[in-house]
Amino acid sequence: MGSITFNVRDYDLSATLISGQVFRWQHRDGSWVGVIGNHWVRLRGDEFSISANTAEPVSDWNWLIDYLQLDLDLTVVLSKFPADEPMRAAASACHGLRLLRQDPWECLASFILSSTKQIVQIQQIITLLCERFGQPVPGGPTFDAAYAFPSAARLARCTEADLRACKMGFRAPYLLETARLVASHQFDLERPRALPIETARDELIKLPGVGRKIADCVLLFAYGFQSAFPVDVWVMKALRQLYFPKRKVTMHRLHRFAGEHFGVCAGYAQQYLFHYMRTKGKFKNPNPKFDTSPELK
DNA sequence: GCCCAGGTGAAGC
DNA sequence: GCTTCACATGGG
C-alpha cells in the first residue's frame, strides 16, 4: 500500500471533488475513494494537509500531484478575479475550491454523458459504465471492486444497446461514435494540448455530442486552458442575474462578456460561480424582484 | 402528473 | 443568422 501526506494551503478537497468537474469520487467514512488512471486512491483532507492511500506501492507520486494541482498557488488565481461583488461573494463562500487536472478521455466521455443530467445521475451512469467496461484495478482494504474508466478502444467495441443499458439514453450514439473516432486515431486527444484555445475548441466541437459547453469543460478540466469558461444553465443564470439583470442577452453575448470580464483565470472564476450558485443558493440581489436564481438543490 | 437537469444537433423560420 | 424542438432518464 502506498501512503503519502502533502502539506497544502487553501485546499477544500471535498468541495473540489463534489463541484461537478469530476464524477468518480465517493465519500466513505470521512474519506474520498476513487480511481485515478489505474490507481485506486483514498484521499483525506483537512485544513493543512491531504493524505493519500493507494492499493499498491507507489514510487513516483507525480500523477497525483498533477491531478490535484498541488503546485498551484490559489492566492495568485484569486488575485486575478475581477474585483466585483459577485466574485467577492463567491470567492469568500467557496474558500479552497480548486480545479483538478483530469485525463482528457475520461473528461471528454464524462461530459458527453452530462448533457441535461443532474450531477448525481451523471455519477450513476459513469459508475455503471466503469463497472461494465472498465478494467478492474486492485481495490482498497475493504476489497470493494474498483474499475478504471473504460478506454476509448473498449467503448468503441460496444454496441449502442450496451451503452444505453448504462442509462445514458440518447447520449449513447454520441459516446460510441466519439469513442470510435478516438480509438481509430482519427481524432488525436493529445493534439489540442499544443493548439491555441480557439483552435483546440474547434477541434473538440467536431466530435459528435460535443458543443461549445462540453468543449470548454474539457479544455478547462483536462487540458488546463485557464481561460476556458463553460456556460451551463447555472452559470448562464448567474451571469444574467448578476451582470445583466432584466435584459435579454444572447449566449454569444455572454461568452463575449465572460472572455472580457473574467480575465486569464476565467475558468476558475466560472467554477466559483457555478459552485456558489449550486451550494449557497441565491446571490444577494439589489433588485429582488428580478431574482430568477434556481432553488437550492 | 409536472418541470428540470454542468446540451447538442437538426429542422424551421 | 436566429429560435424551437426532440432526445432518455430520473430526482424533486
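Just so it is clear: chains get the letters A, B, ... in the order the sequence lines come, proteins before strands, and each one is counted from 1. Only heavy atoms go into these numbers, but all of them, side chains included; no hydrogens, no water, no symmetry mates.
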Just how far, in rounded Å, is [atom2] of [N] from [atom1] of [X]?
| X | N | atom1 | atom2 | answer |
| --- | --- | --- | --- | --- |
| A:Gln121 | B:dC3 | CD | C1' | 13 Å |
| A:Asp216 | B:dG7 | CG | P | 13 Å |
| A:Ile126 | B:dG6 | CD1 | C1' | 12 Å |
| A:Leu108 | B:dT8 | CG | C1' | 14 Å |
| A:Leu100 | B:dG6 | CG | P | 18 Å |
| A:Phe274 | B:dG7 | CZ | C1' | 13 Å |
| A:Arg278 | C:dG11 | CZ | P | 15 Å |
| A:Leu175 | C:dA8 | CG | P | 15 Å |

Exercise for review: Between B:dG6, C:dA8, C:dT9, spot the one nearest the side chain of A:Phe170, thanks.
Suggested key: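 Comparing B:dG6, C:dA8, C:dT9 against the side chain of A:Phe170, the answer is C:dA8.
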
Review point. Out of B:dG7, C:dA8, C:dT9, which has the shortest distance to the side chain of A:Lys117?
Key: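 Within the option list, the nearest is C:dT9.
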
Distance, [atom1] atom - from [M] to [N], rounded to whole angstrom:
| N | M | atom1 | result |
| --- | --- | --- | --- |
| C:dA6 | B:dC2 | P | 15 Å |
| B:dG6 | C:dC5 | P | 23 Å |
| B:dA11 | C:dA8 | P | 15 Å |

**Study point:** Base B:dT8 to side chain A:Lys213, donor-acceptor N/O within 3.5 Å cut-off
**Key:**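 Side chain to base: no pair present.
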
Point to revise | Donor-acceptor pair present, A:Gln118 side chain and C:dG11 base, under 3.5 Å | key: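 Per atom types, no contact qualifies.
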
Can you see if the side chain of [X] gets near the phosphate of [N] - specifically, an N or O under 4.0 Å from OP1 or OP2?
| X | N | answer |
| --- | --- | --- |
| A:Lys167 | C:dG10 | yes |
| A:Arg171 | C:dA8 | no |
| A:Lys237 | B:dA5 | yes |

Check your understanding: Mind checking what makes side chain to side chain contact (heavy atoms under 4.5 Å, CB included) contact with A:Thr16, not counting sequence neighbours?
Key ->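 For A:Thr16 the side chain to side chain contact (heavy atoms under 4.5 Å, CB included) partners, ignoring immediate neighbours, are A:Tyr11, A:Gln21, A:Leu97, A:Arg98, A:Leu100.
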
Review point. Should the pair A:Asp202-A:Lys206 be classified as a salt bridge under the 4.0 Å nitrogen-to-oxygen rule?
Key: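 Salt bridge between A:Asp202 and A:Lys206, a charged N being under 4.0 Å from a carboxylate O: no.
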
Practice item. Give a yes or no on whether the ring-centroid distance for A:Phe257 and A:Tyr243 is below 6.0 angstrom. Key: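 Yes; A:Tyr243 has its ring centre under 6.0 Å from that of A:Phe257.
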
Exercise for review: Using the six-membered ring for Trp and the full ring for Phe, Tyr or His, decide whether A:Phe111 stacks on the six-membered base ring of B:dG6 (centres under 5.5 Å, planes under 30°).
Suggested key: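 By the stated criterion, A:Phe111 and B:dG6 do not stack.
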
Classify [X] by what it touches in the nucleic acid, base, sugar-phosphate, or nothing, heavy-atom distance under 4.0 Å.
| X | answer |
| --- | --- |
| A:Val231 | nothing |
| A:Phe221 | base |
| A:Ser19 | base |
| A:Leu207 | sugar-phosphate |
| A:Gly211 | sugar-phosphate |

Exercise for review: With DNA chain C as reference, determine whether A:Thr116 or A:Gln124 sits nearer its 5' end, using the nearest nucleotide of each.
Suggested key: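 It is A:Thr116, whose closest nucleotide lies nearer the 5' terminus.
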
Point to revise | From CA spacing to verdict: side-chain hydrogen bond (donor to acceptor under 3.5 Å, both in side chains), A:Asp12, A:His95 | key: CA-CA 7 Å; A:Asp12 187 336; A:His95 185 76; over 6 Å; no

Check your understanding: Taking A:His255 for the side chain and A:Met251 for the main chain, is one N or O donor matched with an acceptor at less than 3.5 Å?
Key ->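 Checked: pair present.
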
Practice item. Check the side chains of A:Asp73 and A:Thr75 for a donor-acceptor pair under 3.5 angstrom, ignoring hydrogens and angles. Key: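 Result is yes, a qualifying pair exists.
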
Practice item. On DNA chain B, check which nucleotide each of A:Ile205 and A:Gln270 is closest to and give me the residue with the more 5' one. Key: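 Counting from the 5' end, the first nearest nucleotide belongs to A:Gln270.
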
